[in-house]
Amino acid sequence: TTAKTVGADQVWAINLTSKSTIDGTGIRIAVVDSGIWPAGDLGGKKLLISEKFTTSDDLISDWYGHGTHVAGIIAGTGSESAPGGGYAQQYKGVAPGAQIISLKVLSPSGSGLTSSVLQALDWCIKNKARYNIRVINLSLGHPVYESYTTDPLCQMVERCVANGMVVVASAGNYGKGSDGSIVYGGITSPGNDPAVITVGAMNTHDTPARSDDTIATYSSRGPTAIDGLTKPDIVAPGNRVISVANDKGTLFTNYPSNIVYSTQGKTKNGYYILNGTSMAAGVVSGTV
């Protein structure tokens, strides 16, 4: 229901009737995450280039599964959900014509260093023209320790924006306490920076209708710590989002109940369900 909720399927319908290519064709999106598993919906020419900035492992592919899932939301082809193509493809990304640049900063356990993210963003600035990078997706963050005006991560994303790239960041998943109470001020960095599009998560309740949508309880709420800014900027589907799976990844292995079994008979391990503002950020990056 993700694509229908945001109206992406209506845009794809326009493409079919007018022979337009309003599907991300020609656009390159940098996904700064745990890497990408280059197979299925993200195989072939979908993945333009992969770079690694982690020190924890020597593998450039995604052995966690988070980056692959986010990239599928952004630009997955949907081919694994329907070999025949067309409207039968249930799990297309929002911009199925776009290409992905994978910048690995997270380990197979999903952890990483801010310094790795800074290196990846600096790489985007240096290679923006070479690869025509238009959008950077940051489905990650760290707690706010200082004002965005001095935070090195915020300063780097501002440099990216000044160099002509749109930066989309997840708001964080700190919207409720351990007792279920609402928590305010949980926006993570760099989502606390005015220069980025900060995305919270909503729950579609598995329907395309907007009338029953609610904010996901875990989605971080503003105002931002220290600076007191109004964030997030927007919310998008983030609950029970189906996207591309790496069937060898940590998440897939540890949480088999989230596996989506295809009704098409082609694959049983092509898709996976995840929740979070990370997924919502991917929806917005695809929309951008």
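Residue numbers count from 1 along this sequence. Atom set for the values below is all heavy atoms of this structure, side chains included, hydrogens, waters and symmetry mates excluded.
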Check the side chains of Asn246 and Thr68 for a donor-acceptor pair under 3.5 angstrom, ignoring hydrogens and angles. no
For residues 101-122, which residue pairs qualify under salt bridge (Lys or Arg N to Asp or Glu O under 4.0 Å), counting only residues two or more places apart or in two chains? Asp57-Lys104, Asp122-Lys126, Asp122-Arg159
Should the heavy atoms of other residues, nucleotides or ligands under 6.0 Å from CG of Leu118 be counted, would the total exceed 12? yes
Common cluster, Ile125/Ile49, ILVMFWY with side-chain heavy-atom separation under 4.5 Å: yes
Hey, is the main chain of Leu229 close enough, under 3.5 Å, to the side chain of Thr224 for a donor-acceptor pair? yes
Which residue pairs pass the ring-ring contact (aromatic ring centres under 6.0 Å, His included) test with at least one member in residues 173-209, sequence neighbours excluded? none
For Arg240, salt bridge (charged side-chain N to carboxylate O under 4.0 Å, His left out) partners two or more places apart: Asp206
Is there a path of hydrophobic side-chain contacts, each under 4.5 Å between heavy atoms, that joins Leu47 and Tyr64? yes
If only atom types and distance count, is the side chain of Ser220 paired as donor or acceptor with the main-chain N or O of Gly172 below 3.5 Å? yes
Pairing donors with acceptors under 3.5 angstrom, does anything connect the side chains of Asn173 and Thr277? yes
Please report the shortest heavy-atom distance between Ser219 and Ile215, naming the atom on each side. CB-CG2, 4.2 Å
Do you reckon Val167 sits in the same ILVMFWY cluster as Ile197, going by side-chain contacts under 4.5 Å, direct or chained? no
With clusters built from Ile, Leu, Val, Met, Phe, Trp and Tyr whose side-chain heavy atoms come within less than 4.5 Å, directly or transitively, what are the remaining members of the cluster of Tyr145, listed by chain and number? none
Check: Ser189 and Cys154 side chains under 4.5 Å, non-hydrogen atoms: yes
For a quick test of reading the model, state the closest non-hydrogen atom pair linking Val32 to Leu140 and the distance between them. O-CD2, 3.3 Å
Between Pro152 and Glu146, the two heavy atoms sitting closest are CD-OE2, 3.7 Å
Donor-acceptor check, side chain of Gln99 to backbone of Lys45, threshold 3.5 angstrom: yes or no? yes
Ile226: hydrophobic cluster co-members (side-chain, 4.5 Å): Val144
Is there a donor-acceptor contact under 3.5 Å from the side chain of Thr2 to the main chain of Val241? no
Specify the closest pair of heavy atoms between Glu158 and Asp193, including all atoms of both residues, with the distance to one decimal. OE2-OD2, 2.7 Å
Which is it for Ile73 and Ser243 under the side-chain contact (heavy atoms from CB on, under 4.5 Å) test, yes or no, and what are the steps along the way? CA-CA 6 Å; Ile73 294 170; Ser243 184; 3.6 Å; yes
When clusters are formed by joining ILVMFWY residues with side-chain heavy atoms under 4.5 Å apart, either directly or through shared neighbours, do Ile29 and Phe53 land in the same one? no
Closer than 3.5 angstrom, by distance alone: can the side chain of Asp33 be matched with the main-chain N or O of Gly67 as a donor-acceptor pair? yes
For residues Asn275 and Tyr218, determine if any side-chain heavy atom of one lies less than 4.5 Å from a side-chain heavy atom of the other. yes
Would you kindly say whether Tyr271 and Asp41 are connected by a side-chain donor-acceptor distance under 3.5 Å? yes
Would you say Trp123 ends up clustered with Leu153 if hydrophobic residues are merged whenever their side chains have heavy atoms under 4.5 Å apart, either directly or through other cluster members? yes
Are Val196 and Lys231 close enough that some pair of their side-chain heavy atoms sits under 4.5 Å apart? yes
Under a 3.5 Å distance rule, please check whether Asp227 uses its side chain to pair with a backbone N or O of Tyr148 as donor and acceptor. yes
Report all side-chain donor-acceptor pairs from residues 278-285 shorter than 3.5 Å, counting only partners two or more places apart or in another chain.
from	atom 1	to	atom 2	distance (Å)
Ser278	OG	His66	NE2	3.0
Ser278	OG	Ser139	O	3.3
Ser285	OG	Asn137	OD1	2.7
Ser285	OG	Ala281	O	3.4

Verdict with reasoning, Ile259 to Tyr272, per side-chain contact (heavy atoms from CB on, under 4.5 Å): CA-CA 5 Å; Ile259 298 170; Tyr272 196 74; 4.1 Å; yes
Can you tell me how the ring of Trp37 sits relative to the ring of Trp63, calling it parallel under 30°, perpendicular over 60° and tilted otherwise? perpendicular
Atom pair CG/OG1 of Asp23 and Thr77 - distance to nearest 0.5 Å: 11.5 Å
Closest heavy-atom pair, Trp12 versus Pro96, reported as atoms and distance to 0.1 Å, is NE1-CD, 3.6 Å
